[in-house]
Every structure is written in C-alpha cells, then in structure tokens.
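All values below were derived from every heavy atom in this structure, side-chain atoms included, with hydrogens, water molecules and symmetry-related copies excluded. Quick caveat: nothing in here was measured; it's all calculated off a predicted structure. Quick note on labels: first sequence line is chain A, next is B, and so on, each numbered from 1.
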Amino acid sequence: NAGVTQTPKFRVLKTGQSMTLLCAQDMNHEYMYWYRQDPGMGLRLIHYSVGEGTTAKGEVPDGYNVSRLKKQNFLLGLESAAPSQTSVYFCASSVRLHEQYFGPGTRLTVT
Amino acid sequence: GQSLEQPSEVTAVEGAIVQINCTYQTSGFYGLSWYQQHDGGAPTFLSYNALDGLEETGRFSSFLSRSDSYGYLLLQELQMKDSASYFCAVRDNAAGTALIFGKGTTLSVSS
C-alpha cells in the first residue's frame with residue numbers, strides 16, 4: 001500500500017515549456033486535489049476532483065489544467081510554464097473531505 | 001469570502017504545553033481540521049472537530065467553539081520532534097468540495 005505517490009519529485013523547466021505532474025493513489029479514494037505551497041502562503045488549492053471524469057477549479061487555477069481519466073490518477077498540466085509557477089506541488093486524496101492524505105510533493109523550478 | 005487566521009510562529013521548550021489558535025470566517029461551516037507538516041515533508045492529518053468541545057488524541061487535543069468561530073490545537077509534553085508547521089483548515093461553500101487552509105503556524109521546540 002503505497003498511499004499517494006507523485007512523479008516527478010523534482011523538475012526544472014524553462015519559461016514556456018510544458019509538463020505534466022502525475023499523482024497516483026491506491027486507496028480507492030473518490031476525492032483528489034492539487035495544491036501549491038509557497039513560502040508563507042500555506043496550501044492553496046489549484047484544482048480538485050470528486051470522482052473519475054470530474055474536475056473543478058480551486059483557488060488558483062490559472063495556468064493549470066487537470067484530468068482524472070482513471071479513479072486512481074490525477075494529472076496536473078502546465079501548458080506554458082512561468083517563473084510564478086515555481087513552487088512545491090502537493091497532491092492529496094480522501095474519502096472524507098476533512099481527512100486528506102498527501103503525497104511527498106514535487107519541487108518545480110521555472111527559470 | 002473565507003479567511004483563516006493563525007499565528008505565524010510559536011516557540012516553546014521541551015515538556016511544555018503550547019496552544020495554537022485559529023479563527024475562521026466562512027460561508028457555511030462543516031468543521032475544523034488540523035494538519036502537521038515537517039520541514040519539506042507532506043502534510044499529515046491530525047484531528048477534526050465538527051462539534052463544539054475538546055477532542056483528545058494522545059498528547060494532542062483540538063478544541064472548537066462554533067459560536068466564536070474559533071478553535072485551537074493543544075500540544076502537551078512537547079518534544080523536539082513536534083517542531084513543525086501546523087495548519088488549520090475548513091470547508092467553505094464558496095470553495096466547493098474542498099478545504100481552505102490557513103497560512104500555518106511554525107512551532108519551534110527547544111531543549
């Protein structure tokens with residue numbers, strides 16, 4: 001039982017490049033979330049999904065897209081990376097909204 | 001809109017008791033959650049209060065007063081390993097089926 005895993009762990013992009021972050025969970029959770037964490041800003045919700053095939057915008061969705069084609073996977077895409085997207089990205093999943101299980105994070109730097 | 005306020009930093013010594021406060025303003029209220037995050041790591045769920053009163057889990061307790069829109073996390077018999085960031089989080093109607101996190105309180109425990 002691996003819980004929530006994220007790929008990759010680290011990435012450096014140049015401005016304008018694209019990439020996809022993968023989140024996978026093996027707990028059969030319906031809910032999945034993508035957050036970004038910046039110093040002093042706490043966790044800010046980017047997008048979330050309440051089930052396979054569904055997605056919704058969070059607090060800071062601009063510049064990101066997501067897909068939930070399979071229940072266990074939640075993908076976060078950056079179409080044209082900007083330096084403002086330098087951050088640590090966390091994925092989480094849950095059965096109950098208030099009790100979320102987080103992945104180890106992806107540290108992204110955009111130069 | 002929604003907002004959560006918690007102190008940015010708290011310091012204490014080993015063996016002491018520390019209280020981390022959280023005040024919230026939301027449209028609709030479903031409960032208050034607490035998460036712990038060690039430096040660079042994944043946030044982990046600590047506790048949840050849906051009703052007024054105190055919930056105890058080992059050395060950690062969490063309290064909620066819905067009439068005051070206020071809660072706190074109480075850490076007893078502090079240990080060095082409790083040095084971490086602590087986040088309160090609530091669900092808000094405007095955020096949909098998602099949590100809004102406070103900016104976090106950094107607890108430093110010294111010997």
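The environment of CD in A/Q17 is crowded: more than 12 heavy-atom neighbours from other residues, nucleotides or ligands sit within 6.0 Å. By the 6.0 Å contact criterion, NZ on A/K71 is enclosed, its count of non-hydrogen atoms from other residues, nucleotides or ligands being greater than 12.
A continuous path of hydrophobic side-chain contacts links B/I100 to B/W34 [ILVMFWY only; heavy atoms under 4.5 Å]. In this structure, B/F101 is not a member of the same hydrophobic cluster as A/I46, with clusters built from ILVMFWY side-chain heavy atoms closer than 4.5 Å. Note on B/I20: it clusters hydrophobically with B/Y24, by side-chain heavy-atom contacts below 4.5 Å among ILVMFWY residues. Put simply, A/L97 and A/M32 are part of two different groups of oily side chains (I, L, V, M, F, W, Y) that touch within less than 4.5 Å, one to the next. Placement of A/L78 and A/W34 within a single hydrophobic cluster is found when ILVMFWY residues are connected by side-chain heavy-atom separations under 4.5 Å, directly or transitively.
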For B/L99 and A/L45: C-alpha separation, side-chain torsions, deciding distance, then whether side-chain contact (heavy atoms from CB on, under 4.5 Å) applies. CA-CA 8 Å; B/L99 290 180; A/L45 183 66; over 6 Å; no
Working note: A/F90 + B/Q37, criterion side-chain contact (heavy atoms from CB on, under 4.5 Å); need CA distance, chi angles, decisive distance, verdict. CA-CA 12 Å; A/F90 287 101; B/Q37 183 183 32; 3.5 Å; yes
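Of the atoms belonging to A/R44, not a single heavy atom falls under 4.5 Å from chain B. There is no contact between A/Y101 and chain B, counting heavy-atom distances below 4.5 Å.
Taking both residues in full, the closest heavy atoms of A/Y33 and B/A98 are given as CE2-CA, 4.3 Å, listed atom of the first, atom of the second, then distance. Scanning both residues, A/Q100 and B/Y35, for their nearest heavy atoms gives N-OH, 2.7 Å.
Contacts from residues 49-84 of chain B to chain A, taken as heavy-atom pairs separated by less than 4.5 Å, involve no residues at all.
Ring geometry for A/H98 versus B/F45: interplanar angle of 30 to 60°, hence tilted.
Across B/G104, B/G40, B/P43, B/A42, the residue that shares the most heavy-atom pairs under 4.5 angstrom with chain A is B/P43.
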